[in-house]
Enquirer: 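Just dropping this structure here.
Chain letters run A, B, ... following the sequence lines, proteins first and then strands; every chain starts at 1. All values derive from a computational prediction rather than experimental measurement. Computed from heavy atoms alone, side chains included, the values below leave out hydrogens, waters and symmetry copies.
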Amino acid sequence: MKKEDTVKLISAEGFEFVISKEAAMVSQTIRNMLTSPGGFAETEHGEVTFPEISTTILEKICQYFYWSLQYSRGKETDFHIEPELTLELMMAANYLHT
Amino acid sequence: MSAPKKRTFQIEAFKHRVVVDPKYAEKTWKILEHAIHEIYNHNASGLSFEELYRNAYNMVLHKFGEKLYSGLVTTMTFHLTEICKSIEAAQGGLFLEELNRKWADHNKALQMIRDILMYMDRTFIPSTHKTPVHELGLNLWRDVVIHSSKIQTRLQDTLLELVQRERSGEVINRGLMRNITKMLMDLGSFVYQDDFEKHFLEVSADFYRLESQEFIESCDCGDYLKKAERRLNEEMERVSHYLDARSEAKITNVVEKEMIESHMNRLVHMENSGLVNMLVDDKYEDLGRMYCLFRRVPSGLILIRDVMTSYIRDTGKQLVSDPERLKDPVDFVQRLLDLKDKYDKVINSAFNNDKTFQNALNSSFEYFINLNSRSPEFISLFVDDKLRKGLRGVSEEDVENVLDKVMMLFRFLQEKDVFEKYYKQHLAKRLLSGKTVSDDAERSLIVKLKTECGYQFTSKLEGMFTDMKTSQDTMQGFYASLGAESGDSPTLTVQVLTTGSWPTQPSATCNLPAEIMGICEKFRSYYLGTHTGRRLTWQTNMGTADLKGTFGKGQKHELNVSTYQMCVLMLFNSIDRLSYKEIEQATEIPAPELKRCLQSLACVKGKHVLRKEPMSKDIAEDDAFFFNDKFTSKFVKVKIGTVVAQRESEPENQETRQRVEEDRKPQIEAAIVRIMKARRVLDHNNIVTEVTKQLQSRFLPNPVVIKKRIESLIEREFLERDKVDRKLYRYLA
């Protein structure tokens, strides 16, 4: 995949997740970050740092992005969420507008 | 089983960690405020979207939404005021460009601000019913920039001036115009309307009022219409290039009102170039333009239609009442047809085939054709002419074409029964003299009449054709039965005509020469032998004969003459001189007919088979006639026509009229009886209306005649007057 088509998401602990832009844009917030005119730092460098999202959650989020893409394309599977992650995941979802 | 006990659950809001730092809000807002400044200063590339978004997010989450929002309003207003100043400072032509550039900047900034404040837009604003960020940005732009005292009128004037310059032929920056009007539309349709459109329409109205005044003084109608059309197209083009599509109807309305509606009457009646002149000169293009333009204004088409109608009526009236035209019926009808063709073409090519125009045309024709009581006769004469010779060598299609046109005129006639009367006469003459060019054409016309007026109308005409056919068979049968017996006696061709089917002729018999009498008698006995219970009367006034004559130097001529002429000529076989009285006695031809036939035998140059003493144009009772020995002619066959008036003379016309009136009486009576039988009781006026309705496909009955018929029916005890109300009639079964 070309570099322009990917985006790097960085967690609070500094872990980097490189995922396709298409998947990342499942989040309305990330979509805005990448498309807003005027050239914010995120658009320029193609990476977003989330100082308030832990690695575990960010990983789960990335998984969700890809699942969501597939789901919208008609592949109806279940998305498993561990109960202990639920709360933080929901807060992140609110933040990311997913 | 009892209902399960209700339990109320309470869901408590998730408690966020309480922010300890009291200056937290202030600090966060400072970061955001700084970012907004940077955005307006085109310096955003160093900013982290995530950080700003997170800050705004946290502010809203920590109940500082209000602070964030009001801060945004203040900061934005500050920047817009700055922008406003720089726009105001722009000189002359740069004004619009500066405005346009700043507007683009503001839009971009607004988009970025909205993006980073999206969380507020999503949660805080709907719950507090505040204006969303984007709309807020537009509203502030409108209030701070566009409605600033120094910009508002300047903007208006600049826009209007540009439009004005374009109207006078200059090229302007349409893209810029488009952007600015688009901005006004983006700010809300009322901004566009109040700040631009309203004034635009007013100024345009003034402009076109003046311009149209100027044009109408200096141009003729055609040029004026061209100019108006061009202006109209220009305005539509302008709208499509840089105005709101909804303005089109409004601005075209202004042009229509000022350039067309206010000058409509003057244009149509313009001397030397108005509607009537266009019609006369066949200016289809101008007419089409007038139609298209006038169609846009209320009652525009009505005006054109009325003027056209009254002009057609005038021309038509002139045509039908011109005594010159009445001399040649064929030409008369041809002119009517030409007139109709002309206007059909006008309506077809210039007036969009408008149904209402067609109707107006038809009613005009109906109006003036019926002004002349001889129209039915003339139309029939026209058909007669066409079917006698006019259609020779013409393709079948063209024949149909001509007949269709004639039918169209026929449709306009009110007195269809008069037409029928004449048509019958003319058809009889054609059939008996064998002059019809095409049997197909004859039948085709009858079919058309039948579809138009029904079986009743044509049954007698069809009867005439049947008679012709039967007579042919009869003659064959007759000669077959005669066999060798016929010898060298003259050949006889008899057409047996059913009484009633043919126009009644005054049965003016004459004494046939003995040579003919013989074979006539043979035929009579043959015919009565095959058909019992019939009576034969000779209609000598309708026949023709071919004679062979030998003249002075032995030259032989074949003379084609009428039966009467034949009778006269046969007398000269035995004697050279006969006085008028002697001829009259010998033949017993009625005096007027005899005079006519002698005139044609003795007075027509080149065809005078007889010599008259004294030589004069007219036949007197004491004239004497001689066999003209010296008769010569270039042709072997000489056709001696009777001097017949093609067109009916006045007394004949009167007579036909009278016959028509007589024929109408039973029809009117039948109609009255039909109506009364159904209604039993009806008052006078209603009877008249009903009768008129029933009969109008054939003729327009005269109310006076209807009244007379009612009286006659009362006398004959079909009806009676009501004893109380004298206006009521009752039907007596």
Enquirer: Atom NZ of residue position K130(B) - does it have more than 12 heavy atoms of other residues, nucleotides or ligands inside 6.0 Å?
Expert: yes

Enquirer: I116(B) versus F40(A): any side-chain heavy-atom pair under 4.5 Å?
Expert: yes

Enquirer: Taking side chain as everything from C-beta outward and backbone as N, CA, C, O, which of these in R122(B) sits under 4.5 Å from a heavy atom of chain A? Side chain, backbone, both or neither.
Expert: side chain

Enquirer: Drop me the distance from E52(A)'s CD to N58(B)'s CG, to the nearest 0.5 angstrom.
Expert: 5.0 Å

Enquirer: Does E84(A), at its CD atom, have more than 12 non-hydrogen atoms belonging to other residues, nucleotides or ligands within less than 6.0 Å?
Expert: yes

Enquirer: Got F49(B) and T43(A) here, is their nearest side-chain heavy-atom distance under 4.5 Å?
Expert: no

Enquirer: Taking CD in E88(A) as the centre, count heavy atoms belonging to other residues, nucleotides or ligands within less than 6.0 Å. Is the count above 12?
Expert: no

Enquirer: Has F79(A) got more than 12 heavy atoms of other residues, nucleotides or ligands less than 6.0 Å from its CZ?
Expert: yes

Enquirer: With heavy-atom distances below 4.5 Å as the criterion, would you say the side chains of P51(A) and E51(B) are in contact?
Expert: no

Enquirer: Where the side chain of E50(B) meets the backbone of E42(A), is there a donor-acceptor pair that is under 3.5 Å apart?
Expert: no

Enquirer: Under 4.5 Å heavy-atom distance to chain B, tell me which part of T35(A) shows up: side chain, backbone, both or neither.
Expert: neither

Enquirer: Can you list the steps and then say if Y57(B) with N94(A) is a side-chain contact (heavy atoms from CB on, under 4.5 Å)?
Expert: CA-CA 10 Å; Y57(B) 172 81; N94(A) 185 31; 3.7 Å; yes

Enquirer: Does atom CZ of R178(B) have more than 12 heavy-atom neighbours, drawn from other residues, nucleotides or ligands, at distances under 6.0 Å?
Expert: yes

Enquirer: Nearest 0.5 Å please: distance from the CG atom of D115(B) over to the CG atom of L34(A).
Expert: 11.0 Å

Enquirer: Heavy-atom count check: over 12 atoms from other residues, nucleotides or ligands less than 6.0 Å from D78(A) CG?
Expert: no

Enquirer: How close do A41(A) and S48(B) get, counting heavy atoms only, and between which atoms?
Expert: CB-CA, 4.3 Å

Enquirer: Checking the side chain of Y53(B) only, and the main-chain atoms of Y95(A) only, is there a donor and an acceptor separated by less than 3.5 Å?
Expert: yes

